[in-house]
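Not measured: the values here are computed from a predicted model. Side chains are part of it too, since the values below use all heavy atoms of this structure and drop only hydrogens, waters and symmetry mates. Here is the naming used below: chain letters follow the sequence lines, and residue numbers restart at 1 for every chain.
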Amino acid sequence: MRPTLEVARDLIGKMLVYRKDGNRLIVRLTDVEAYIGEDDPACHAAVGRTVRNEIMYGIGGFSYIYFIYGMYHCLNVVTEQKDYPSAILLRGAEPIEGLELMKINYPEAKNGKYTNGPGKLCRALNLTRAENGLDLTKDTLYFEDHDYIVGRIEASGRIGINKGKKRKWRFFDPDSEWLSV
DNA sequence: TGTTGGATCAACT
DNA sequence: GTTGATCCAACAC
């Protein structure tokens, strides 16, 4: 299992595939953030082990999806080994396949931007807590490498949080049109 | 049993 | 730049 920051950087440009009801929804990741360990104040595991963040304490390769602000879900990828809580939040992506279905899932998306934010991404892919804890090595939700070459990858502070902003744990493709705001 | 605030988004001023 | 929408887990009582 490789270090979370390394995995996060590698995820940029990779394909995220979600198979459901015979359809395939594919997006190319452009924007991710790492949340690592109990001493990261912005990480959900900062308060210790709870029912909600339990999945982050397991081995890497599983999905961690939580519900927030009463209306949005966020999709994370659990990394590292057992008992070391860490995850990568998928913030933004570019739709590659299944655009019609995303449009149905998220008809009121502005400017056709279905996936340029963590809440929107989950809505477009129709991911909810029901998809929490999925094994990402199985064939429902998984990653593919299409050998897409990302021109540049930049690191910055994380977005939308109050604590732990100093850590430059957000990785993104600065040339993409699909970055979160 | 009750209160509070959050890894968001869109629509306001 | 600020606010409302609106759920659930965490924590205080």
Side-chain angles (χ1 to χ4, degrees), chain A residues 3-5 7-12 14 16 18 27 29-58 60-80 84-95 99 102-134 136 141 143 153-173 176-181:
Chain A
T4 302
L5 292 178
V7 177
R9 195 176 188 286
D10 276 2
L11 280 178
I12 302 297
K14 294 290 186 298
L16 172 69
Y18 180 43
V27 298
L29 299 173
T30 58
D31 202 344
V32 303
E33 282 176 11
Y35 289 84
I36 309 172
E38 293 180 352
D39 51 357
D40 172 7
C43 183
H44 282 177
V47 293
R49 192 175 192 138
T50 65
V51 216
R52 184 202 203 185
N53 62 34
E54 175 73 26
I55 187 75
M56 279 202 289
Y57 284 80
F62 286 81
S63 63
Y64 170 44
I65 300 178
Y66 63 91
F67 193 58
I68 197 165
Y69 298 131
M71 23 179 63
Y72 298 106
H73 299 271
C74 292
L75 170 62
N76 298 249
V77 181
V78 177
T79 58
E80 307 284 347
Y84 189 89
S86 59
I88 297 166
L89 169 68
L90 308 184
R91 292 197 63 87
E94 176 179 350
L99 205 51
M102 293 184 203
K103 195 179 286 185
I104 293 170
N105 289 338
Y106 191 8
E108 53 290 289
K110 285 195 66 174
N111 311 321
K113 296 284 189 183
Y114 307 105
T115 52
N116 64 328
K120 290 188 263 189
L121 179 65
C122 284
R123 184 137 177 217
L125 297 188
N126 200 24
L127 293 170
T128 67
R129 284 189 319 291
E131 281 74 38
N132 188 33
L134 285 183
L136 300 178
L141 185 64
F143 295 100
I153 297 179
E154 286 190 7
S156 78
R158 291 172 292 180
I159 293 181
I161 55 174
N162 302 311
K163 297 169 283 190
K165 281 183 179 160
K166 288 180 191 159
R167 294 174 164 92
K168 304 248 184 206
W169 285 354
R170 173 178 177 233
F171 297 92
F172 61 100
D173 170 6
S176 172
E177 300 287 311
W178 299 87
L179 300 176
S180 55
V181 285

Practice item. Please lay out, stage by stage, how A/L125 and A/N105 fare under the test side chain to side chain contact (heavy atoms under 4.5 Å, CB included). Key: CA-CA 7 Å; A/L125 297 188; A/N105 289 338; 5.8 Å; no

Review point. Under the salt bridge (charged side-chain N to carboxylate O under 4.0 Å, His left out) test, which residues partner A/R123, sequence neighbours left out?
Key: A/E108

**Study point:** salt bridge (charged side-chain N to carboxylate O under 4.0 Å, His left out) partners of A/E94, counting only residues at least two apart
**Key:** A/R28

Under 3.5 Å, is there a donor-acceptor pair between the side chain of [X] and the main chain of [Y]?
{"X": "A/E33", "Y": "A/R91", "answer": "no"}
{"X": "A/S63", "Y": "A/I65", "answer": "no"}
{"X": "A/S86", "Y": "A/T79", "answer": "yes"}

Hey, does [X] reach any base, or is it just sugar-phosphate, or nothing, if we go heavy atoms under 4.0 Å?
{"X": "A/H73", "value": "nothing"}
{"X": "A/R158", "value": "nothing"}
{"X": "A/I161", "value": "sugar-phosphate"}

Table please: side-chain donor-acceptor pairs of residues 109-117 of chain A below 3.5 Å, with sequence neighbours left out.
unit_1	atom_1	unit_2	atom_2	d
A/K113	NZ	A/E177	O	2.7
A/T115	OG1	A/A93	O	2.6
A/N116	OD1	A/K120	NZ	2.8

Point to revise | For DNA chain B, the dot-bracket pattern of Watson-Crick and G-U pairs whose distances stay under 3.5 Å, | for other-strand partners | key: ||||||.|||||.

Review point. Which is the 5'-most and which the 3'-most nucleotide of DNA chain B that has an atom under 4.0 Å from a heavy atom of chain A?
Key: B/dG6 to B/dA11

Practice item. Check side chain to side chain contact (heavy atoms under 4.5 Å, CB included) between A/F67 and all other residues, then give those that pass, not counting sequence neighbours. Key: A/H73, A/R129

Short heteroatom pairs, N/O only, protein and nucleotides 10-13 of chain C, under 3.5 Å:
unit_1	atom_1	unit_2	atom_2	d
C/dA10	OP1	A/T50	OG1	2.3
C/dA10	OP1	A/R52	N	3.3

Can you pull every protein N or O that's under 3.5 Å from an N or O on nucleotides 3-7 of chain C?
unit_1	atom_1	unit_2	atom_2	d
C/dT6	O2	A/Y69	O	3.0
C/dC7	O4'	A/G70	O	3.4

Study note, to complete from the structure: Contact check, residues 107-127 of chain A vs DNA chain B, heavy-atom distance under 4.0 Å, returns A/K110, A/G117, A/P118, A/G119, A/K120

Practice item. Side-chain contact test, heavy atoms from C-beta onward, threshold under 4.5 Å: evaluate it for A/N132 versus A/F62 and give yes or no. Key: no

Practice item. Scan residues 60-80 of chain A for pairs that pass salt bridge (Lys or Arg N to Asp or Glu O under 4.0 Å), counting only residues two or more places apart or in two chains. Key: none

Point to revise | Residue pairs, two or more places apart or on separate chains, that pass salt bridge (Lys or Arg N to Asp or Glu O under 4.0 Å) and touch residues 37-51 of chain A | key: A/D40-A/R158, A/D40-A/R167, A/R49-A/E54, A/R49-A/D83

Study note, to complete from the structure: Heavy atoms of A/T30 and A/L179 approach each other most closely as O-CD2, 3.6 Å

Check your understanding: Which value, rounded to the nearest 0.5 Å, describes the distance between A/L136 atom CG and A/L16 atom CG?
Key -> 8.0 Å

Review point. For atom C1', what is the distance between C/dC8 and B/dA10, given to the nearest Å?
Key: 22 Å

Review point. Is there a side chain to side chain contact (heavy atoms under 4.5 Å, CB included) between A/E131 and A/L141 once you walk through the steps?
Key: CA-CA 9 Å; A/E131 281 74 38; A/L141 185 64; 5.6 Å; no

Study note, to complete from the structure: The ring-ring contact (aromatic ring centres under 6.0 Å, His included) partners of A/Y66 (sequence neighbours excluded) come to A/H44, A/Y64

